Amino acid sequence: MDSAPGTVPGTQPGTPPSILELRIHGVANALPYGALGLPRDEVTQSDGDGLGSFWVPAPAAEARDRALPPGDVHAIRPDVRREAYSWGAMARLGGLPFGGLLGVVGTLAVRLLWAAMVPFGLVNAAYWARRIPAPLPAAHRPTARDTRPGSLRPDPTAALTRVFSLGLTLLFVSAVATVALSVVGTRCIGLAGRGPDAVVPVCARIPEALHGLARLDVGDRLALLSLVPVLLVAILVAVAHGGQVRFESKFSVMRAGRTVPPSGPPLHRAGFWSQRSGSGLLWAHLGAALALTGQYLTWTRYADAGLPAPGLPLVALVVILGACAFVALRTDDDGVQAVTPRWKARAGLAVFAAGLLVWLLACAACVAGPQPERMPALIGLDLVPALLGVGLGGIAATGLAWRTARSTRAVAAWTAVPVVATACVGVVLVTQPGPGLRYLLVAVALLAVLSPVVVVGAAMLLRRRATEGWNGAGPGVFLLVSVAAAAVYSSLLVLGVQWALRTGEHPAPEPLGGGLVGVARTVPDPELVRVPPVYTEFGTASVVIALVFVVLLVVAAAGPYVIDTLRSRALWIPGAPRTLGPPYGPAVPAWRAVADAPGPDGGANPVLERVLRGRQVAAMSHRVELAGGALAAACYVAALVAHIPLIARPGGTGAVQVPPWLSSLAVPALGVLAATLVASALAGASGGVPGRPWGLLWDLLCFLPRSAHPFGPPSYAERVVPEVRSRVDAWLTGADIADDAERARVAPGRRVVLSGHSMGGVLAAAVILIRAGNPVADGASDTSSGTSSDTADGRIGLLTYGMQLRPFFGRFFPDLLGSSTTGLPPSTGPAWSADPWGGQVEAAARDERAAGSGPGAVPAAPLTPEGPEPGSGEQATLLSLLTCGAKPAWVNLWRRTDFLGFPVMGYGENDVDRGAEEMDRSAYLFAVATHSGYPASWAYHEALDEVIGRLRVRLTPAGQSGAQPAVTQRGEPG
């Protein structure tokens, strides 16, 4: 008897689905109805809230799609429950308290603050790109020097990264304090004259709302203006933690299951995706910011500026150094400790209290001090930003060699680079020595900053770390771009305000008489509105960054494409091996035009030519690693150029000078850059929601836990991974079934296929990995079910498409998602050629010819039939956790026209990677498919069947429940 239309052989009509197909969207943040391929009114929310939610087809739409013939774009297998998980709001929403009352101005301000947080996010990326130490084994006996088993010793790279992050905070405070205390407080508002008709000179562009400051004593004025950096830091904290309060605190490690002794890579560790217990780190940053603000108020050149206790700047320095020591000794953010020891939070609070006390004492000293005879010079604002820039540049330079160093002592030795460079520059700035000593000190500083290049160059020539991003220099690349962005932002703020205040008209003075002080608004002398020279150097460096980056980008990224346009014929880039296409339907002619093409010399083929152009454009974007390296190199060169003004003496008689034309370019170049940044940061706002800027970069940064800088963007994965994992466990344990006997019968036969697009595939992989290190105890989800959720029991499959796991995440973060964690073959970087992966394609072809392999070849990485038990100390990889038979329950779809999609095993034929057709078969007109549209492809439905076919089926005493049906063949109907 024939089955009903759309019925899968081996199932009975009306049988409840036993397989959960859970689709997880990527960084494009597809809306739920888009992920399900349905109109907006045909989906309904089944669980969740406004930030994370699960969606299913409406009953009528589901019934209609289940009746469709197999292989239809919208067809649903009868044994499958299709759901979509939406997490995009976690990475796009957030803002200030009462943000809805701020209107358009508040929305724009929040978006600009999001853009200002990008350097902090890059520091977090550098933290996870470094070497991540393994925890002490459970059998380890603690000694006087060791901590308890399962914890971590302080790591020099973690310490340097967190000190770097603290330096970024202080650089931000310095820029704001320069504008408030120096430019406005002492430059654009002068001293009151003597006599009954005294007036105060004020820059013409100072808003009238600030004219009241002109009538205050200088000390009172500076104390009041010191609130500006303090309040802006508080606002930045509120913006950064606006998202955290709304979703990070809702899901704890208890929701994800019980904890076990940590073992294996970080993504296995029970506390990795738990809430970040970083309150101590946050308090330390706030305390250091307050102490630095107090130091700026009291570190002056003239004793009559108002501070009775001249030792307060030294006390502030002690507080800042204490904050550095505290952040350097934190070891609880590597996924080992789920709860921070109390002493760490208390120590952070102590640093905050000390910084607050220093700031309050400084304000009190300013208020109590007498009116000075002349305007005080705030020395700290001239010196500290320059020292911070050198120290941050030195740490970033050492990051280039962190992964190359083979021992902890070798990494710790690199600490000398920022210390030596900062000390040399400090002596030059403070003592202003003669030319001989000045040249020597600056040369030593330059050589110290340049020293890591030798190690990086050797690693590149010897190709010792060819399978790691930028040949192992990833932490330094992220840190260099971060400090460059912070320097550009600082110079944008300071030089922009300076430029704005240097213009205006000359209104007549208005003396008030009667002992009252009037305000004289004048156009100031350009030399009067002077800013610390370090910001001009930052602005000059930004010009260097732009010029060097453009040149290197053209050479590294666009050069091959330009060369290809000059060729006599188009470059042939082959398609993905084992590409599956539709056997029937309107898309068949276009599919055959590409699939049956004999090769580059096969003659004119308009369809193939369009697809080939799509492959070439995608190949150009695949060289993003080369572009990132070019940007880091430009930042490195700019950091060195910033040292050149130190060689010249103040009188201008030095041997080396910054070219005047280059200095004059700083302000207009920064103006163009500011307009570009503001426009890009504000673009995309809709409905008044202060969404975050630069969606792709932002979503990538938000994937990583906030472990280095507390002001960085919140990690959506800290909710997504536990939440998706909770849904998986609930399905496998039958938590939705009320009857105990029915649950015990049905639950063992249930299975899950996590279907992830782009970043969604990485999140799905993280869900599988965290289950290995943090399993649900027997009956944890439902004590009456009598089942347990094992990690490698063959009940979870993975279907990914448009994924960057191997060439991006695996290379940029080797200790998180490298070969030791995923079990995938390592990947070398893109080549400088029109086809950046041409060498890997040819190598795979040579290996297949040498082995006589063909379709169905054994994967390059050995498969483990059964994964090791959690906590056993044996290494469990993503591939082994998905393998309970001859082949892993994992299929990855990719296409050469996808600018963000790659294979996960390699460019040869293997058991995991499959090609998806390069045209959109759901479109009315012919369109080349790129990064989207995978679920509508024929290959997706074939891949889903293949993954389900590789899952293990459990038998229960009551018989086979939810048994695997025969795999549907996607042939022509009838």
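Because the structure is a prediction, the values reported are computed rather than measured. For reference, positions follow the sequence shown, starting with 1.
A donor-acceptor contact shorter than 3.5 Å is absent between the side chain of Asn471 and the backbone of Thr404. With hydrogens and angles disregarded, a donor-acceptor distance shorter than 3.5 Å links the side chain of Ser715 to the backbone of Phe703. Of the possible donor and acceptor atoms, one in the side chain of Gln840 sits under 3.5 Å from a partner among the backbone N and O of Thr828. Judged purely by atom type and a 3.5 angstrom limit, Arg130 has no side-chain atom pairing as donor or acceptor with the backbone of Thr157. The backbone N or O of Val904 lies less than 3.5 Å from a partner atom in the side chain of Asp913, making a donor-acceptor pair. Between the side chain of Arg811 and the backbone N or O of Gly474, no donor-acceptor pair lies under 3.5 Å. Between the Arg464 side chain and the Gly472 main chain, no donor and acceptor come within less than 3.5 Å of each other.
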Subject >> Criterion side chain to side chain contact (heavy atoms under 4.5 Å, CB included) on His757 and His931, from CA distance to verdict >> reply: CA-CA 9 Å; His757 174 231; His931 189 54; 3.6 Å; yes
Original post:
Going through the distances and angles, do Arg751 and Arg795 end up as a side chain to side chain contact (heavy atoms under 4.5 Å, CB included)?
Top reply: CA-CA 5 Å; Arg751 289 155 291 162; Arg795 304 177 69 195; 4.3 Å; yes
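When all heavy atoms of Thr398 and Trp414 are compared, the closest pair comes out as CG2-O, 3.3 Å. Leu704 approaches Ala125 most closely through the heavy-atom pair CD1-CA, 3.6 Å. Across every non-hydrogen atom of Pro935 and Arg23, the tightest pair is CB-NH1, 3.7 Å. Nearest approach of Leu881 to Ala876, heavy atoms of both residues: CD2-CB, 4.2 Å. Pairing each heavy atom of Ala916 with each of Ala939, the nearest pair is CA-CB, 3.8 Å. Across every non-hydrogen atom of Ser707 and Asn124, the tightest pair is N-OD1, 3.5 Å.
Between Phe812 and Phe478, the angle of the ring planes goes over 60°, which puts this pair in the perpendicular group of the 30/60° scheme. Ring planes of Tyr934 and Tyr801: tilted class, angle from 30 to 60°.
For the atom pair CD of Glu918 and OG1 of Thr897, the computed distance is 4.5 Å after rounding to the nearest 0.5 Å. Atom CE of Met905 and atom CH2 of Trp890 lie 8.5 Å apart (nearest 0.5 Å). With values rounded to the nearest 0.5 angstrom, Met759 atom CE is found 13.5 Å from Thr800 atom OG1. With values rounded to the nearest 0.5 angstrom, His622 atom NE2 is found 9.0 Å from Gln804 atom CD. One distance of note links CD1 of Ile768 with OG1 of Thr822; it measures 12.0 Å at 0.5 Å rounding.
Side-chain contact of Glu917 with Thr579: a donor-acceptor pair under 3.5 Å is absent, judged by distance alone.
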